[in-house]
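Down below is the structure, laid out as structure tokens.
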Amino acid sequence: MPEQAVILLAEDREDDIIIIRRAFQQGGIINPLFVVRDGEEAVAYLEGRGRYFNREEFPLPGLLLLDLKMPKMDGFEVLKWIRQQRGFSSLRVVVLTSSDAIRDVNVAYHLGANSFMVKPMDFENVVELSKVIHDYWLHKSKTPQASREPNKGAQKPRADYPG
Amino acid sequence: MKNPERILVAEDDAEDAFFLKREFAKAGVPSSLHFVRDGQELIDYLEGNDGFADRQAYPMPDLVLLDLKMPRLNGFDVLGWLRQQAGLKRLPVIIFSSSAESADINRAYDLGANSYLVKPHAVEELSAVVRRLKTYWLEANANPDSFDP
């Protein structure tokens with residue numbers, strides 16, 4: 001069990017990946033950040049398939065930041081898949097996208113997103129938003145992950161802000 | 001991007017409700033707060049049954065704060081019911097319970113809670129939780145459309 005909860009970022013745009021990485025650094029967020037570049041890769045990571053077979057190397061995330069528009073399998077499909085897996089019903093999924101179309105917001109919640117965040121345009125606000133997300137979902141970083149390895153018995157869940 | 005304007009709080013303990021109301025006011029939360037005292041009353045409110053038919057006085061909420069241990073219908077029962085209603089499936093629900101037990105947290109998420117906050121015992125801590133809730137859910141987060149079934 002890692003000391004710091006892992007954050008998994010599903011994002012296909014290289015620029016956005018760089019910005020988010022840098023915003024995390026600037027915001028003092030030291031949780032390990034793993035990046036997958038499309039929906040299929042996100043599913044492979046969560047299932048521990050292919051190059052992600054080693055959980056020591058690719059631990060289950062405590063939080064998934066999910067872009068919506070991605071190649072192969074989009075964020076909506078990933079969400080739908082996640083909520084069909086028994087082991088991932090408590091995986092916290094925050095949609096992080098440049099779309100603020102109310103239809104996308106509605107569909108994301110309908111499919112089981114925990115929260116929906118619109119990517120800010122300027123860097124300073126990305127830093128602020130990263131801090132807000134980290135502070136809310138991963139405040140007590142010593143607490144273990146919420147996601148449970150499918151079919152392998154429950155890990156300890158966590159509250160979002162344990163008192 | 002929409003921020004929640006109407007928060008419905010299901011809380012059976014009058015004292016907890018009082019302190020929560022006070023902390024929301026202190027934090028300068030602009031949303032209106034509405035209270036129900038148990039799970040059955042929450043369902044009646046959302047369905048507009050009995051005394052809750054007047055939507056001016058009892059508007060559809062765009063965020064729900066849900067206690068777990070309540071008389072008649074508890075929070076789990078309410079969550080299970082909510083997520084089966086086509087129009088309420090996407091309504092953001094934050095569990096606000098004094099229980100920090102794994103079984104309760106897991107079950108709440110399994111039933112579709114958006115977030116789980118542990119209710120602190122000390123008033124100073126409550127004010128920190130309310131500020132956090134405000135920053136996240138009332139300012140940063142994009143909320144879906146509310147829906148009147």
Side-chain angles (χ1 to χ4, degrees), chain A residues 63 68 82-83 85-120 125-126 128-137 139-140 143-144 146-148 153-163, chain B residues 1-3 62-63 68 82-83 85-126 128-147:
Chain A
L63 184 70
L68 288 180
I82 287 172
R83 294 310 182 215
Q85 314 302 310
R86 277 206 61 222
F88 292 132
S89 52
S90 58
L91 171 63
R92 280 87 49 84
V93 181
V94 175
V95 170
L96 185 63
T97 175
S98 44
S99 160
D100 65 348
I102 190 67
R103 196 193 155 271
D104 288 345
V105 180
N106 286 343
V107 173
Y109 281 104
H110 193 85
L111 293 174
N114 293 81
S115 162
F116 192 109
M117 293 286 187
V118 180
K119 265 182 230 158
N125 287 331
V126 179
E128 273 316 300
L129 186 67
S130 306
K131 284 201 267 192
V132 166
I133 290 174
H134 175 265
D135 197 40
Y136 188 84
W137 298 103
H139 183 66
K140 295 273 166 76
T143 331
S147 43
R148 285 159 278 164
Q155 289 176 13
K156 269 187 83 182
R158 46 156 297 157
D160 306 323
Y161 183 54
Chain B
M1 188 153 148
K2 286 166 53 80
N3 293 320
D62 33 33
L63 188 71
L68 286 180
L82 261 172
R83 294 313 187 212
Q85 311 303 305
L88 300 171
K89 202 173 182 305
R90 62 182 183 229
L91 176 65
V93 176
I94 301 169
I95 302 298
F96 197 55
S97 164
S98 50
S99 162
E101 275 173 46
S102 300
D104 288 339
I105 299 174
N106 268 341
R107 194 165 164 217
Y109 276 114
D110 286 347
L111 290 168
N114 290 75
S115 172
Y116 191 113
L117 297 174
V118 177
K119 199 191 286 178
H121 298 294
V123 177
E124 314 82 69
E125 285 172 42
L126 180 65
V129 175
V130 167
R131 278 200 307 272
R132 216 167 272 264
L133 197 145
K134 182 191 177 213
T135 306
Y136 194 91
W137 291 101
L138 305 179
E139 289 166 3
N141 185 68
N143 223 52
D145 280 327
S146 59
F147 185 94

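To find a chain, count down the sequence lines: A is the first, B the second, and so on, and within it residues start at 1. Side chains included, hydrogens not; waters and symmetry mates left out as well; all remaining heavy atoms used.
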Considering the options B:K134, B:R132, B:R131, which one meets the salt bridge (charged side-chain N to carboxylate O under 4.0 Å, His left out) requirement together with B:E139?
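Single salt bridge (charged side-chain N to carboxylate O under 4.0 Å, His left out) partner of B:E139 among B:K134, B:R132, B:R131: B:K134.
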
Portion of B:A113 that has a non-hydrogen atom of chain A nearer than 4.5 angstrom:
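Just its backbone gets close to chain A.
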
Parallel, tilted or perpendicular: which fits the ring planes of A:W137 and B:Y136, with parallel below 30° and perpendicular above 60°?
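Rings of A:W137 and B:Y136: perpendicular, as their planes differ by over 60°.
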
How close do A:F116 and B:N141 get, counting heavy atoms only, and between which atoms?
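Smallest interatomic distance, heavy atoms only, reads N-OD1, 2.9 Å.
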
Go through the atoms of A:V94 and report whether side chain, backbone, both or neither lie under 4.5 Å from a heavy atom of chain B.
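For A:V94, side-chain heavy atoms alone lie under 4.5 Å from chain B.
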
Engaged part of A:A113 at the chain B interface, taking heavy atoms whose separation is under 4.5 Å
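The backbone, not the side chain.
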
Could you give the distance from CG (B:L91) to CG (B:D62), rounded to the nearest 0.5 Å?
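Going from the CG atom of B:L91 to the CG atom of B:D62 covers 8.0 Å.
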
